[in-house]
There are 2 protein chains.
Amino acid sequence: MNMTAPKETRNTRQRNLILDCLKEHCDSHMTVDEIFALLKDKGHDVGIATVYRNLKSLEDQGLIEKVYISGGAAPCYKMLDETAGNKHTHHHMICRNCGAIADFDEDLLDAIEKIVLVTKDFTVTDHRLSFYGVCGKCSKK
Amino acid sequence: MNMTAPKETRNTRQRNLILDCLKEHCDSHMTVDEIFALLKDKGHDVGIATVYRNLKSLEDQGLIEKVYISGGAAPCYKMLDETAGNKHTHHHMICRNCGAIADFDEDLLDAIEKIVLVTKDFTVTDHRLSFYGVCGKCSKK
DNA sequence: ATCGGTGCAAAGGTTTTGCAGGATT
DNA sequence: AATCCTGCAAAACCTTTGCACCGAT
């Protein structure tokens, strides 16, 4: 018996345009508005509702990631590295001066997670880590 | 010459009520709605706009902290430990099962921050770290 | 041909703001 | 007394939803 029909996802022009935007900016994050504006700039008329719907479905499919930058209001989206598994393997470095958000790919928290398990009775399955500070470019000025 | 008059902050009933709410829940986080509802339950009629305005000013003063739980939508507020300096000295442990948010007070990231500086040319002045997993209570069920 | 996606506009929710009156210093 | 804060309601935003049409499979 077919319990739940595996709802298919269609390969629409709008969906691809949104994915392209995120791919172009794969080293940073984009807000919904930024994606919408970039599409407009490129001359593509896509409804804002479509942007929201696609971002949600892409997130459900695990192709993109929704990120809340602490202290900032607008949620951001970014491409998820297709090589990454379920677990987070990168962190963010956020410059307090210019606002640049860079990724930090290595995962250095394994030792700390073991400490958490032993001392806090909490089994860590995932983590989010952001560093705030001053990027090299800004510190040279 | 008085460059910028140091705008004073008044000690109003509403401001104290909001701070009391957050103090009572100092080990967890509260959404705007939760604070508003708790005040109502206690019989204090405070306008929602006042709650928003006070939370913003308390945040500006560094007395409370605004936290975006990744994946969740509503921003949360919590008391900032008055013993803590500018730098973060605690992390969050968020149970995927029951949603409990506990604090992890030790700061274990010093070594990692040094690595970031050397390998990434990024001077870390602060960080946010959240662990996701299963708390002891839930894992026993 | 079917069924999901799209665009529009309306609805829903959250946060901010203008203003007159009230409270704190 | 001065000025900051409050409450209300309106406004401004952001996000979701209903519906008829369009497009991908």
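Qualifying side-chain hydrogen bond (donor to acceptor under 3.5 Å, both in side chains) partners for B:K42, counting only residues two or more places apart in sequence or in other chains: B:E24. Legend: residues meeting side chain to side chain contact (heavy atoms under 4.5 Å, CB included) with B:K40, ordered by chain and number and at least two apart, are B:F36, B:D45. Residues meeting the side chain to side chain contact (heavy atoms under 4.5 Å, CB included) test with B:D41, sequence neighbours left out: none. Take A:R53 and apply the side chain to side chain contact (heavy atoms under 4.5 Å, CB included) test, not counting sequence neighbours, and it matches A:A49, A:T50.
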In the 5'-to-3' direction, what one-character label does each nucleotide of nucleotides 20-25 of chain D receive under the scheme B = base within less than 4.0 Å of a protein heavy atom, S = sugar-phosphate only, - = no such atom? ---BBS

Summary of protein contacts for nucleotides 8-17 of chain D, nucleotide by nucleotide, where a base hit scores B, a sugar-phosphate-only hit scores S (4.0 Å, heavy atoms): B-----SSBB

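When each of A:L17, A:L38, A:D20, A:I18 is paired with A:H44, the side-chain contact (heavy atoms from CB on, under 4.5 Å) condition holds for A:L17 and for no other.
Under the 4.5 Å side-chain criterion, counting only non-hydrogen atoms from C-beta, B:I35 is not in contact with B:H25.
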Should B:K78 and B:I64 be marked as a side-chain contact (heavy atoms from CB on, under 4.5 Å) after you check the CA-CA gap, both sets of side-chain angles, and the distance that decides it? CA-CA 5 Å; B:K78 85 170 301 221; B:I64 67 173; over 6 Å; no

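Counting to the nearest Å, the P atom of D:dG7 and the NZ atom of B:K40 are 11 Å from each other. Distance, B:H44 NE2 to D:dT6 C1': 16 Å, rounded to whole Å. Here the P atom of nucleotide D:dG7 and the CZ atom of B:R15 are 15 Å apart, to the nearest Å. If you measure from atom CG of A:N54 to atom C1' of C:dG7, you get 13 Å, rounded to the nearest angstrom. Rounded to whole Å, atom P of C:dT14 lies 15 Å from atom CG of B:L55. In this structure, B:D60 places its CG atom 12 Å from P of D:dC5, rounding to the nearest Å. Atoms CG (A:D45) and C1' (C:dG7) sit 10 Å apart, rounded to a whole Å. Following rounding to the nearest Å, B:F36 (CZ) and D:dG7 (P) show an atom-to-atom distance of 9 Å.
Checking side-chain atoms of A:Q61 against main-chain N and O of A:S57 turns up a donor-acceptor pair under 3.5 Å.
Atom CD in A:Q14 sits 12.0 Å away from atom CG in A:L19 (nearest 0.5 Å).
For the OP1/OP2 pair of C:dG7 and a distance below 4.0 Å, the side-chain nitrogens and oxygens of A:Q14 include at least one atom meeting the criterion.
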